[in-house]
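Both counts, for ligands and for their atoms, begin at 1 and track the order of listing. Everything quoted here is computed from the prediction, not taken from an experiment.
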Amino acid sequence: MPQNLWNDAEYRALPDLEGLVYRSNLLGRDRSVVNIYGGNTSVKLEQTDFAGRTTRVLYVKASGSDVLTMKAKDFAALRLDDIDPLFKRDAMTDEQMTDYLAFTVFEPGRPRQSIETLLHAFVPYRHVDHTHPDAVISLACTPAGEATARKLFGDRMAWVDYIRPGFTLSKWIGQRVQDNPRIDCVVMGKHGLVTWGDDPKSCYNQTIRIIQEAEDYILEQQTGKAVFGAVKVPALEDAKLRNVLMDVLPFVRGQVSTERSAILAYDDSEDVLDYVARERTGEVSQAGAACPDHLVHVKRQPLFVDWTPGEGVDALKTKLKDGIADYKTRYVDYFNANKTDRRR
Ligand SMILES: [Zn+2]
């Protein structure tokens, strides 16, 4: 459940760029709001350039940093006066966009801007957040995503259909916001959310408020329903669970370390245990990632191992070994079947 974590004492009305850093770090504290390395944040400021001229600068999260830990140096800084004319164009390839933006750099030595930079430039507000929150994606990835989001947010929202991030998506978003000055957010089909504000606090509040509304709606919808079916495999008691883990985790590490060494992370939070226990988990887990951004980190599907404690640990090891080998084959086939040269 996303909580509003804003703290005026911590924020101390920081100047805008530091305020952007504070807001970004705060968003990253809740991974249901911003997934690791995902999302991006920005501010538009008036700065003095190397020659003493007043310049409008877009500071926007660069590729390769994570909002939770990023600092002021991790934002790309670009000249808005050079970017604004792009809004009049009809189309740009990723390469044309990247080449163009390279000329708009405000100061040397900053990291490279991401593919989602222009959406921040084209949204005419000082502070902008673009996030992939679990709750909003849950709505926006369903076949009735637009209708559901419209029912929930009404006229406060503009919707854009899914297309791959790039110039066109940024232009669609900018156009929607410019055409509808009274909206609070843009919901992006199968992708995420764009929100904004005049200062770091109002921007953060707006982002969290919209996500909370989506989450409240989902909770309301699932009340009294076993969405993933009845409980099929209740969780083991702590001591038994620990014994199984001590036996199985080194085995898994060996199985997944055949190409290069891997470190395992283990999660038995309440949500995870509830999810893996259900009748329909095998089916639901293979439906595919909820959001394109998730693909980067969790791949297309997880491996699901259908096992009950009554079968014994040796049976679990056999299932893990076969499952991992099969997963690897399927993933390589999937990759080879779909790899394309993006430049075409
Ligand atoms: Zn995105």
Looking at Y37, I'd like to know if its OH atom is crowded, meaning that more than 12 non-hydrogen atoms belonging to other residues, nucleotides or ligands lie closer than 6.0 Å.
no
Thinking salt bridges, do R31 and D66 make one under a 4.0 Å N-O criterion?
yes
Given H120 and Q113, is the side chain to side chain donor-acceptor pair (under 3.5 Å) satisfied, shown in steps?
CA-CA 11 Å; H120 290 265; Q113 60 281 354; over 6 Å; no
Evaluate the ring planes of F122 and F87, with Trp represented by its six-membered ring, and classify them as parallel (under 30°), tilted (30 to 60°) or perpendicular (over 60°).
perpendicular
Sub-2.8 Å protein N, O or S atoms surrounding the Zn ion (ligand 1):
E116 OE2, H130 NE2, H132 NE2, H191 NE2
By salt bridge (Lys or Arg N to Asp or Glu O under 4.0 Å), which residues pair with K190, not counting sequence neighbours?
none
In terms of relative ring orientation, are Y331 and Y327 parallel, tilted or perpendicular, with 30° and 60° separating the classes?
parallel
